[in-house]
Protein chains: 2
Amino acid sequence: MATRRERLREQTSAEIKATALAHLREGGGAALSLRAVAVSIGMSPAGLYRYYPNREALITDLITDGFAALAEEVTRARDAAKGDAFVAAALAYRQWALTHPHEFALLYGTPIPDYAAPESGPTSHASRAVGAAFVPPIIEAWHRGTLKRREVDPTITALNTFAAAVDLPPDAAAIAFTAWTTIHGLVVLETFGHLAWLGENPAPLAESRFQALSEDLGIAP
Amino acid sequence: MATRRERLREQTSAEIKATALAHLREGGGAALSLRAVAVSIGMSPAGLYRYYPNREALITDLITDGFAALAEEVTRARDAAKGDAFVAAALAYRQWALTHPHEFALLYGTPIPDYAAPESGPTSHASRAVGAAFVPPIIEAWHRGTLKRREVDPTITALNTFAAAVDLPPDAAAIAFTAWTTIHGLVVLETFGHLAWLGENPAPLAESRFQALSEDLGIAP
DNA sequence: GTCAAAGTGTGAACACTGATCGCAGTGCAG
DNA sequence: CTGCACTGCGATCAGTGTTCACACTTTGAC
């Protein structure tokens with residue numbers, strides 16, 4: 001069973017992460033200061049290093065949690081959808097990004113140079129869960145036979161790897177890949193402000209594009 | 001005519017920017033230090049402030065140049081294409097991102113919080129030039145009548161704004177918008193390392209997706 | 001119960017960063 | 001030639017991540 005010390009450590013660890021998340025939401029990743037977090041929880045800056053070896057480790061932890069939260073949100077919306085589950089998932093993805101811009105930036109913004117999350121580590125796993133959340137409606141469409149498949153080159157190893165991961169034949173996986181990159185492209189441009197010049201109300205444009213995407217690819221039921 | 005002082009100032013200014021760009025290419029935006037730039041050109045750190053009011057101004061300058069360079073590269077490839085100019089442009093976009101990852105991250109990565117480039121300023125202008133570089137092949141396809149247009153809601157103001165900017169009717173503009181976001185989505189995911197798990201050779205996948213996109217949207221000649 | 005070991009927190013310090021300010025020189029225009 | 005704007009510099013400030021020696025507390029074995 002957990003000793004008293006282990007419980008306290010767990011608790012302090014959680015408090016650090018929660019406080020860091022609060023600071024992140026307020027000022028963004030670049031403004032996330034270990035010292036500020038330390039004083040927020042009434043600790044000396046050096047004390048944090050008993051829990052995280054460095055700033056990067058703390059941020060990596062936040063990233064992992066962020067991927068998990070995003071994946072959960074998308075999955076929830078997809079499963080609760082009354083109409084097109086794929087469109088519902090895409091809208092949830094967009095919504096989460098817009099309501100959590102700083103977290104989204106941590107997940108999909110400028111990467112840390114020379115840093116690669118360890119393959120099959122929790123961060124990589126959580127990251128793939130996001131993409132995977134979009135796949136089930138595509139599998140359904142595949143079974144339904146509505147998917148607008150087109151012949152693909154069987155020698156494209158990257159596509160075959162992707163196909164194996166999402167459990168689809170390559171030609172259907174290609175559609176899933178396009179769907180995912182298209183959604184992400186629109187959302188990342190909007191979230192990072194590159195569509196601001198289109199005016200105050202970009203939501204209908206995003207919605208209509210998701211809808212058209214679903215229909216064009218033959219995902220829509 | 002330019003006085004001696006003006007010439008010197010221009011020259012120093014250019015040297016600062018060039019050195020900053022070199023540092024950016026090496027270590028990324030986060031590692032771009034004013035002091036390091038200063039010592040590289042044999043100047044005191046404080047001296048830089050005679051040329052740029054702060055670090056952000058210098059970075060903004062680099063961003064503007066980056067957008068211009070990217071737009072030029074895409075335009076060049078598009079105009080030199082023998083086959084599908086749209087695919088050629090998309091490939092050039094991807095190639096520039098992969099060969100200039102830190103500059104690309106500055107352009108399309110995590111934005112500076114609360115910072116918005118002044119509308120109709122040089123940065124915004126250069127940014128739109130990138131998207132605009134993809135439009136001509138779509139206009140051609142529109143004239144050719146191959147574009148796979150689908151009815152769009154005429155009340156979507158954001159789409160109408162976009163349509164006016166690219167000089168296309170809304171239903172054709174919608175295709176241009178989707179094309180642009182799809183390309184960007186794939187490239188940003190790949191450049192920022194989110195497709196690393198697909199293996200060493202993602203190029204054929206990207207190429208095949210661009211090709212399929214061009215054909216599916218009816219852009220390909 | 002004793003006691004050494006392991007774990008936890010602290011204050012001081014280091015090497016950085018961006019930024020400011022007053023003080024020197026220097027080129028330029030009147 | 002003189003006054004002024006411009007240019008550059010050293011010193012300095014506040015803030016950052018990180019390290020380290022030191023105290024204190026909890027733990028587990030004897």
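Each chain gets a letter, A, B and so on, in the order the sequences are listed, and its residues count up from 1. Predicted, not measured: the structure shown is a model, and the values here were computed from it.
Nearest nucleotide to the Tyr49(A) side chain, out of dT7(D), dT18(D), dA19(C): dT18(D). The side chain of Arg35(B) has dT17(C) as its nearest neighbour among dG8(D), dT17(C), dG17(D). The side chain of Ser44(A) has dG11(C) as its nearest neighbour among dG8(D), dT18(D), dG11(C).
For dG7(C), its base never sits under 3.5 Å from the side chain of Arg9(A) at any donor and acceptor pair. Applying the 3.5 Å distance criterion, the base of dG8(D) shares a donor-acceptor pair with the side chain of Arg50(B).
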Using a cut-off of under 3.5 Å, enumerate the N/O to N/O pairs linking the protein to nucleotides 28-30 of chain C.
residue	atom	partner	partner atom	Å
dC28(C)	OP1	Arg4(B)	N	3.0
dC28(C)	OP1	Arg5(B)	N	3.2

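Atom P of nucleotide dT7(D) and atom CD of Glu10(B) are separated by 12 Å, given to the nearest angstrom. Between the CG atom of Leu48(B) and the P atom of dT20(C) there is a distance of 13 Å, rounded to whole Å. Put simply, CZ on Arg55(A) is 18 Å from P on dC16(C), counting in whole angstrom units.
Under 4.0 angstrom from either OP1 or OP2 of dG9(C) there lies at least one side-chain N or O belonging to Tyr51(A). An OP1 or OP2 oxygen of dT16(D) is reached within less than 4.0 angstrom by a side-chain nitrogen or oxygen of Ser33(A).
Between His194(A) and Phe67(B), the ring-plane angle classifies as perpendicular under the 30° and 60° cut-offs. Using a 30° and 60° split on the angle between ring planes, Trp180(B) and Tyr93(B) fall in the perpendicular class, above 60°. Ring geometry, Trp96(B) versus His100(B): the interplanar angle falls under 30°, so the pair is classed parallel (tilted spans 30 to 60°).
Within a 6.0 Å sphere centred on CG of Asp114(B), heavy atoms belonging to other residues, nucleotides or ligands number 12 at most.
Along DNA chain D, the nucleotide nearest to Thr12(B) and the one nearest to Leu32(A) differ in position, and the one closer to the 5' end is contacted by Thr12(B). When each of Ala36(A) and Pro53(A) is assigned the nucleotide of DNA chain D with its nearest heavy atom, Ala36(A) is the one assigned upstream, toward the 5' end.
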